[in-house]
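Numbers here simply count residues along the sequence, with the first being 1. Numbering of ligands and ligand atoms starts at 1, following listing order. Values below: every heavy atom of this structure, side chains too, minus hydrogens, waters and symmetry copies.
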Amino acid sequence: MTMNRRTLNTALAAAALSGMLPLSALAQKKLVLGFAQVGAESEWRTANTESIKSSAKEAGIDLKFSDAQQKQENQIKAIRSYIAQKVDVIAFSPVVESGWETVLREAKAAKIPVVLTDRSVNTKDDSLYVTFMGSDFTEEGRKAGRWLVEKMKDQKGEVNIVELQGTVGSAPAIDRKKGFEEIIKADPKFKIIRSQTGDFTRAKGKEVMEAFLKAEGKKINVLFAHNDDMAIGAIQAIEEAGLKPAKDITIISIDGVKGAFEAMIAGKLNVSVECSPLLGPQLMQAVKDIKDGKTLPKRIVTVEGIFPMEVAAKEFPNRKY
Ligand code: GZL
């Protein structure tokens, strides 16, 4: 039976105060958190990493951090190294939804609790993780769809949409697409005429948008990008094609990072659905609660809004990422 941190500290204090142990034993052993990050593919990810590192420091938690460069095998390697180091808690943002059960079973066998942050995993056995904290990506897709339906409510003809998907197999890409299509399917004028992954990066977003423009040209009425970075890359492609972003082509994206606000203030992006990367404080609290033997909810959902270009300038000073 593993003693939880609170019981252990009480026992240590009693032993120290009775003279059985030096008073220095009262100093609490620092909690060790092993975090396996996806990579550094977007402004969102950079802000997420910053939130985790600064929150660990503030919480006095010893953070072991790895960047997987968006490769699942690197994340699995990092998790295995944290198991070998016998960290107190493991946390990670799974780059894709599938392929995690084996390594999560190894963590469970080693009695190391796991917290999923940002993205979730496909598993029937939810005992393999303590909690999943992060956004509701399907709702983010619905918000994007509802904004478009409202914007185009008086549009009579077809509305041709091109879609820049996030990383293939990732929870945000799968769920944002699902939520967006759930809303627009109510009106047959909305047609997704091209859809391809831009892997959440600016470079790939620009490259794929160039291909869309070459293939469909002026037929394109709307771009739906699963994140701001791909939208920002696509804006460059749209301008290089001699078109006006946010005017000739309506642009909807997700995250709400600084680059998106700058694009909206410049009149080049119509709306960004918020997806907060600031999960650090919640994660550190979860780590402490787990070690104190507290029970956590299986799902902790981030509360988020939506920012059309009309409010961007006013809201920008309040942004924290
Ligand atoms: C969403 C997060 C996604 C962001 C992208 O929570 O997983 O990954 O939307 C990031 O910007 O690359």
Show the atom names and distances, to 0.1 Å, of all donor-acceptor pairs under 3.5 Å that link a side chain in residues 59-69 to residues at least two apart or in another chain.
residue	atom	partner	partner atom	Å
Ser66	OG	Tyr82	OH	3.3
Asp67	OD1	Gln69	N	2.7

Between the protein and ligand 1, which nitrogen or oxygen pairs come in under 3.5 Å, and how far apart is each?
residue	atom	partner	partner atom	Å
ligand 1	6 (O)	Asp118	OD1	2.4
ligand 1	7 (O)	Arg45	NH2	3.1
ligand 1	7 (O)	Asp118	OD1	2.9
ligand 1	7 (O)	Asp118	OD2	2.9
ligand 1	7 (O)	Arg119	NE	2.7
ligand 1	7 (O)	Arg119	NH2	3.3
ligand 1	8 (O)	Arg45	NH2	3.0
ligand 1	8 (O)	Arg119	NH2	2.8
ligand 1	9 (O)	Arg176	NH1	2.8
ligand 1	9 (O)	Arg176	NH2	3.2
ligand 1	9 (O)	Asp255	OD1	2.7
ligand 1	9 (O)	Asp255	OD2	3.4
ligand 1	11 (O)	Ser42	OG	3.0
ligand 1	11 (O)	Asn227	ND2	2.9
ligand 1	11 (O)	Asp255	OD2	2.6
ligand 1	12 (O)	Glu41	OE2	2.6
ligand 1	12 (O)	Ser42	OG	3.0

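With respect to Phe307, the ring pair (Phe, Tyr, Trp, His ring centres under 6.0 Å) criterion is satisfied by exactly one of Phe261, Trp147, Phe316: Phe261. Looking at Asp118, Asp229, Asp255 one by one, the single match for side-chain hydrogen bond (donor to acceptor under 3.5 Å, both in side chains) with Arg45 turns out to be Asp118.
Salt-bridge formation is detected for the pair Glu315/Arg319: a Lys NZ or Arg NE/NH1/NH2 atom is positioned less than 4.0 Å from an Asp or Glu carboxylate oxygen.
When only modelled atom types and interatomic distance are considered, Ser253 and Asp228 share a side-chain donor-acceptor pair under 3.5 Å.
Tyr129 carries Lys298 over the face of its six-membered ring, with the cationic atom under 6.0 Å from the centre and within 45° of the normal.
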